[in-house]
Participant: 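Got a structure here, written out as structure tokens. Questions coming.
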Amino acid sequence: MTELRKRGEGGGGGDIDSTDNISDKEADADDRLGLQGDAEGECDDSKAATPDVPLSTADADHTPQCLNKALEGLPPRWKNYWIRWVLSIAMISGFVPIIYMGPVTLILVVMIVQIKCFQEIITIGYRVYHSYDLPWFRTLSWYFLICVNYFFYGETLADYFGALVQREEPLQFLARYHRFISFALYLAGFCMFVLSLVKKHYRLQFYMFAWTHVTLLIVVTQSHLVIQNLFEGMIWFIVPISIVICNDIMAYLFGFFFGRTPLIKLSPKKTWEGFIGGFFSTVVLSFLMAYLLSQFQYFVCPVGFNSETNGFTVECEPSDIFVMQEYTLPTAVQNTLRWETVNLYPFQIHSIFLSSFASLIGPFGGFFASGFKRAFKIKDFASTIPGHGGIMDRFDCQYLMATFTHVYIASFIRGPNPSKVLQQLLLLQPEQQLSIFHTLHFHLREKGMLPSSAE
Amino acid sequence: MSSLMLLSKVMIVQIKCFQEIITIGYRVYHSYDLPWFRTLSWYFLICVNYFFYGETLADYFGALVQREEPLQFLARYHRFISFALYLAGFCMFVLSLVKKHYRLQFYMVCISQVTLSSYSSAPALTVTPIHCLFIVPISIVICNDIMAYLFGFFFGRTPLIKLSPKKTWEGFIGGFFSTVVLSFLMAYLLSQFQYFVCPVGFNSETNGFTVECEPSDIFVMQEYTLPTAVQNTLRWETVNLYPFQIHSIFLSSFASLIGPFGGFFASGFKRAFKIKDFASTIPGHGGIMDRFDCQYLMATFTHVYIASFIRGPNPSKVLQQLLLLQPEQQLSIFHTLHFHLREKGMLPSSAE
């Protein structure tokens, strides 16, 4: 250990010796404190002394009584498998009616999932650092959660509720200075954190502060990306989520039947056969699902807010990517299949890219979560879902997928939002507006949208 | 060329701060030998900087970007490229996880990500084409530091906060008032020079930077009617001010009242990890991070302030977006704009 330290100090530019006041022993002791209680992976032993900390939720068994009775006779391993399968089917079939209930329900569900994930991760932090009793900390974590949500929902909703916002005075003020207000709210939390620093607990408080922020970055930011994807069209919400679920299931099945070569040390149950088999089957299945869903306006149209009926509408002229087009196959394929052209929705081609990402890069999100669980010696994030673990366990791959989908849409699909562009246009100086006007005029005349001599 | 120099100075400061914080992490966790970790930290730093500076530079060098094919591609798919680069780093992190060091590796990646998100976005967002809006906030923070120190030295009695025992209420309040006054004067001085007030533009003919323009409204002297109470005291009816001076009052108030919390945060951090200074790069002062801890909060505030209250949208960006829309949408915007300009009298009613 001394060797390591010396080298570290030397490498720091030779300036560290004079300021190295770290009491290394104390640094070690703090870490050991964090690690000790988790030797078994469950914190119950060390928790006996602090009754306020919630029991390690990963142990609590939430399996419903009826399931328990039905599976009484089976050996524990099979019982576990059955519970897992029953819950999987329950979750997927629960997903379907939620889709039919419309965008508002979906947004609510995303928000509930986000809050639950946030809570699970923060609770783990408390257990790891025995910091449940830090002054103000619970309040501050929830406060930051509310601030960040306010910021994101404000940005998203202000666009979609544009008409409503224009009518109400207070909403207009909130919308115009939205960023400043969000920033001020965040700053208030920051100042409260600084004021809450207590002499003996500095390090713990900084850990928890960092923990909260990283959780916010990962969980909250990405759940808002999910909602923005949703507004683009429900298909952009359903297809990525289904692709990830499909890949999970297919990789599991292929691994179960053909699995031989382990994939990565982090997750010993994953195999190369499962990985590759999952990849091909997911691409094919999502290709078909894209074909099915592209036909319905309900899925394909951007969600709009109708200010007369004060409700959400999903009606529109489907955009180009959802209109069947004819593609000429490359000659090689032509000779094999003896078809010259094929009719596809362009969206199906996009789905190939989405599913490739989900199968090849998506699993890294799962490995990251596995590494995290091993690092902090926990078995599952929580045990909200019997047989599966916490909500976070189900959604760890989804977050990476959601971000990718959002960036994909923004880069390759979505053009700018016309009402936003108009808004910005009206904020410019009159001379700038005039010059843009002339450029636009020229452009439209070239395209033949405007007759040359009309105004 | 001084714009580029500013940009590079900001970048150097940011890199140095990042290095100081990461080095502290190494020392605290004895994790200097973690596999891949040094490479990964620098890789993430480069990725994040590529993302933030790419957006800024694409604006500055708009004309140049239009001409060169590869630059156009990079600019158009900038976000996707940055995201892909970041993902590659993420996958490399996951692949580098080593059995005995999971926790340390997660700590270190956490430190680097938090540092990057807070300290890399701030500088890139504030490097604005208008020098005034860059120099003034930095000077205000430095001024507040010095003034608070002097007032504390001569009149300091009541301690301000347990975290920093050397700070006093007298220093805090004295610093506040003197900073507001001094920055008011500085804003007056700087607003008179085009060099500070005009956005730096890239002139594609001369392939150089130009700072010439018609100063925007906030840098044009205006006459303000004083409220009646002040009128009776000073026996002036109106006063000539640059609007920018009024903005400077808000900026300096923030720097004096809320800015110090950035310093307290850094003090708490140093006490938590039991270090005296972030590094000793500057003799007598400590590391770069020690000098810049308050600046970051100020930089973020200035950015939000400018975006909310001062800067309108960027016209070339708006035009860019306009040309990406569907023709029907363009047509409808065209008609709305036409109506709007006619109302303002910018266009004669019967012209095309």
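Chain letters run A, B, ... following the sequence lines, proteins first, then strands; residues in each count from 1. Just so it is clear, the values below take in all heavy atoms, side chains as well, and ignore hydrogens, waters and symmetry mates.
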Participant: Go through Ser182(A), Gly371(A), Ser435(A) and name the one with the most non-hydrogen pairs under 4.5 angstrom from chain B.
Facilitator: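 The answer is Gly371(A).
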Participant: Measure distances from Phe254(B) to the heavy atoms of chain A and classify the residue's part below 4.5 Å as side chain, backbone, both or neither.
Facilitator: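 Just its side chain gets close to chain A.
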Participant: Could you measure the distance from the NE2 atom of His406(A) to the CZ atom of Arg79(B)? Nearest 0.5 Å is fine.
Facilitator: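 The CZ atom of Arg79(B) is 7.0 Å from NE2 of His406(A), to the nearest 0.5 Å.
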Participant: Counting only non-hydrogen atoms closer than 4.5 Å, does Leu197(A) touch chain B with its backbone (N, CA, C, O), its side chain (CB onward), both, or neither?
Facilitator: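 It is the side chain, since no backbone atom gets that close.
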Participant: Under a 4.5 Å heavy-atom cut-off, does chain B meet the side chain of Thr403(A), its backbone, both or neither?
Facilitator: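 It is both, since atoms from each part get that close.
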Participant: Hey, what do you get for NE2 (His438(A)) to CG (Leu341(B)), rounding to the nearest 0.5 Å?
Facilitator: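 Rounded to the nearest 0.5 Å, the NE2-CG separation comes to 8.5 Å.
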Participant: Is the shortest side-chain heavy-atom distance between Phe261(B) and Leu195(A) below 4.5 Å?
Facilitator: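 Result yes, sub-4.5 Å side-chain heavy-atom pair found.
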Participant: Which heavy atom in Cys191(A) sits nearest to a heavy atom in Ile258(B), and how many Å separate them?
Facilitator: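 Where Cys191(A) meets Ile258(B) most closely, the heavy atoms are SG-CG2, 4.0 Å.
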Participant: Check whether Phe93(B) gets within reach of chain A through its side chain, its backbone, both or neither, counting any heavy atom under 4.5 Å.
Facilitator: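 Contact with chain A is through the side chain of Phe93(B) alone.
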Participant: Measure the CZ-NZ distance between Phe106(B) and Lys373(A) for me, rounded to the nearest 0.5 Å.
Facilitator: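 Reported to 0.5 Å precision, the distance equals 11.0 Å.
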Participant: Heavy-atom pairs under 4.5 Å with chain A are the metric here; pick the option from Phe83(B), Phe264(B), Tyr77(B) that has the most.
Facilitator: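 Max contact count across the listed options: Phe83(B).
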Participant: Of the backbone (N, CA, C, O) and the side chain (C-beta and beyond), which part of Phe404(A) lies under 4.5 Å from a heavy atom of chain B, both, or neither?
Facilitator: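 The answer is both parts of Phe404(A).
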Participant: Parallel, tilted or perpendicular: which describes the rings of Phe206(A) and Phe269(B), with under 30° parallel and over 60° perpendicular?
Facilitator: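 Perpendicular, since the angle between the ring planes exceeds 60°.
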Participant: Relative to each other, are the rings of Tyr408(A) and Phe80(B) parallel, tilted or perpendicular (30° and 60° limits)?
Facilitator: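 Answer is perpendicular, since the angle exceeds 60°.
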Participant: May I ask you to decide if the ring planes of Phe368(A) and Phe90(B) are parallel, tilted or perpendicular, using 30° and 60° as cut-offs?
Facilitator: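 Taking Phe90(B) first and then Phe368(A), their aromatic rings sit tilted (interplane angle of 30° to 60°).
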